[in-house]
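One structure is given below, encoded as structure tokens.
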Number of protein chains: 2
Amino acid sequence: MPQAAATAADEIVTPRQGEVLDAVLALLLEGRDGLTMTAVARRASCSKETLYKWFGDRDGLLTATVRWQASKVRAGNWDRQRLDADALAESLEAFAANWLTVISSKTSVALNRVAVAHAASGRSDLGRIVLENGRFAIGERLKPLLEAAREAGLIGFDDTETAFRTFFGLVGRDVQVRLLLGDAMVPSKAEIAADAARATRQFLTLFGAGRSAPRTRSN
Amino acid sequence: MPQAAATAADEIVTPRQGEVLDAVLALLLEGRDGLTMTAVARRASCSKETLYKWFGDRDGLLTATVRWQASKVRAGNWDRQRLDADALAESLEAFAANWLTVISSKTSVALNRVAVAHAASGRSDLGRIVLENGRFAIGERLKPLLEAAREAGLIGFDDTETAFRTFFGLVGRDVQVRLLLGDAMVPSKAEIAADAARATRQFLTLFGAGRSAPRTRSN
DNA sequence: CGATTGGTGTACCGTACGGTACGGTTCGGC
DNA sequence: GCCGAACCGTACCGTACGGTACACCAATCG
């Protein structure tokens with residue numbers, strides 16, 4: 001057994017380990033790729049030996065960090081009761097705004113960059129883990145809403161996944177790629193709200209049943 | 001003058017230099033981050049000293065490679081004459097299909113990954129260059145079409161940029177991020193064609209003037 | 001033919017970083 | 001008060017890689 005450390009899914013993170021992972025996050029969004037094991041150890045006031053004991057190796061530490069961050073941002077479920085057109089639009093907007101806020105956060109950008117770099121070098125599942133806790137997680141959380149709305153006759157579509165992906169595209173557009181590539185286009189709270197509203201309007205225009213939302217023009 | 005090599009925008013690439021840059025590309029989409037200066041030199045059958053003489057340093061080589069690749073894929077301008085609804089849809093579909101083909105190519109993915117990793121470590125403009133030759137370049141090439149279509153009364157919008165970004169979102173959706181993160185979801189030619197058609201339909205539904213395209217359902 | 005230029009191949013240097021070893025300290029249990 | 005476990009700090013090792021120096025070769029030009 002080389003290292004059966006914190007790479008499994010069932011591990012529990014002790015408070016002290018949480019501190020270490022927070023140090024990784026801090027170091028990470030400090031940018032400048034100063035993310036060396038030595039730097040982490042110093043920042044977290046722990047020894048490298050402990051790092052290796054707890055997390056196995058550098059990849060293990062990164063993986064644990066991604067999971068740690070993911071465990072902190074579970075958010076954005078919807079109400080469940082009384083789903084009318086207004087409640088649907090509201091929920092969609094909330095989802096969109098939440099998603100935009102997450103992907104434009106420095107933490108998300110930094111973590112995604114690490115995962116992308118990791119995916120480039122082939123080994124390990126960091127990319128998959130980020131995907132599962134990001135893109136796919138929000139998909140799974142949004143789909144019930146979409147399907148409930150379809151049950152309620154508010155929107156129409158054949159394939160939930162396809163509908164979701166359209167919504168995803170309308171919300172995110174070019175934001176994530178631009179941020180990953182270093183474009184400093186972090187949207188303000190107001191812009192996020194406006195974009196969430198626009199994306200929702202457009203989505204309802206495309207998929208709305210019955211009285212279609214007023215044809216949206218431009219933004 | 002430390003190195004006035006191939007980092008400027010006005011440099012011309014000699015055939016031999018092109019061979020070297022092709023070697024970089026080959027090595028790049030071979031993945032496994034084997035992209036070391038020594039590997040490039042060996043692959044291109046040239047000396048490291050020549051590499052440094054021509055491209056300054058590793059970043060210069062990468063930058064030149066990105067530009068080199070960009071210079072090879074300029075594509076997808078539109079017809080210009082007789083713009084009716086059908087021609088517009090056709091042009092939009094062509095743009096979309098071309099764009100999807102590009103971003104799902106192994107080369108694009110590899111190059112974008114390098115640029116993202118680069119953007120993470122702060123220094124240098126690799127990310128900006130990729131952005132300019134990708135996302136922004138296609139924007140500038142599509143906008144004239146959108147505006148001509150507006151002149152012709154075929155579609156309506158206030159802000160060209162916003163309209164383009166919506167189209168961009170409808171076309172790309174989650175594809176690029178998923179590919180960057182290692183998701184093996186490379187679309188087939190048929191899927192690309194279908195997605196381009198869908199995105200175009202949806203875009204025209206949202207922005208089309210006059211006889212709106214038939215309300216699209218699902219894909 | 002000799003000299004200059006521009007390139008190849010290889011050996012080399014410095015350093016940064018992942019990973020390990022180890023001495024010293026704190027702390028809980030007996 | 002002693003023992004062992006856990007952990008900190010630091011020194012250390014090996015290696016990979018960016019960058020440089022140098023010996024050698026081929027071609028071009030006078």
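Residue numbers start from 1 in every chain, and the chains themselves are labelled A, B, ... in the order their sequence lines are given, proteins ahead of strands.
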Rounded to the Å, how far apart are [X] [atom1] and [N] [atom2]?
{"X": "B/K48", "N": "D/dG18", "atom1": "NZ", "atom2": "C1'", "result": "6 Å"}
{"X": "A/R43", "N": "D/dC8", "atom1": "CZ", "atom2": "C1'", "result": "18 Å"}
{"X": "B/Q17", "N": "C/dG6", "atom1": "CD", "atom2": "C1'", "result": "12 Å"}
{"X": "A/K53", "N": "C/dG19", "atom1": "NZ", "atom2": "P", "result": "17 Å"}
{"X": "B/L51", "N": "C/dG6", "atom1": "CG", "atom2": "P", "result": "17 Å"}

B/K143/B/E147 salt bridge by N-O under 4.0 Å criterion:
no
Salt bridge flag under 4.0 Å for residues B/R67 and B/E132:
no
Of the candidate nucleotides [options], which contains the atom at the shortest distance from the side chain of [X]?
{"X": "B/T50", "options": "D/dC8, D/dG19, C/dG7", "value": "C/dG7"}
{"X": "B/R16", "options": "D/dC8, C/dG19, C/dT8", "value": "C/dT8"}
{"X": "B/Y52", "options": "D/dC7, D/dG19, C/dT8", "value": "D/dG19"}

Crowding at NZ, A/K106 (>12 non-hydrogen neighbours, <6.0 Å):
no
Quick check on B/R42: does its CZ atom have over 12 non-hydrogen neighbours (other residues, nucleotides or ligands) under 6.0 Å away?
no
Neighbours of DNA chain C within residues 33-42 of chain B, by heavy-atom distance under 4.0 Å
none
Could you check whether any side-chain heavy atom of A/D195 comes within less than 4.5 Å of a side-chain heavy atom of A/V171, counting everything from C-beta outward?
no
Checking A/R135 against A/F168: charged group under 6.0 Å from the ring centre and within 45 degrees of the axis?
yes
Quick one: is B/W54 getting a side-chain N or O under 4.0 Å of the C/dG6 phosphate, OP1 or OP2?
no
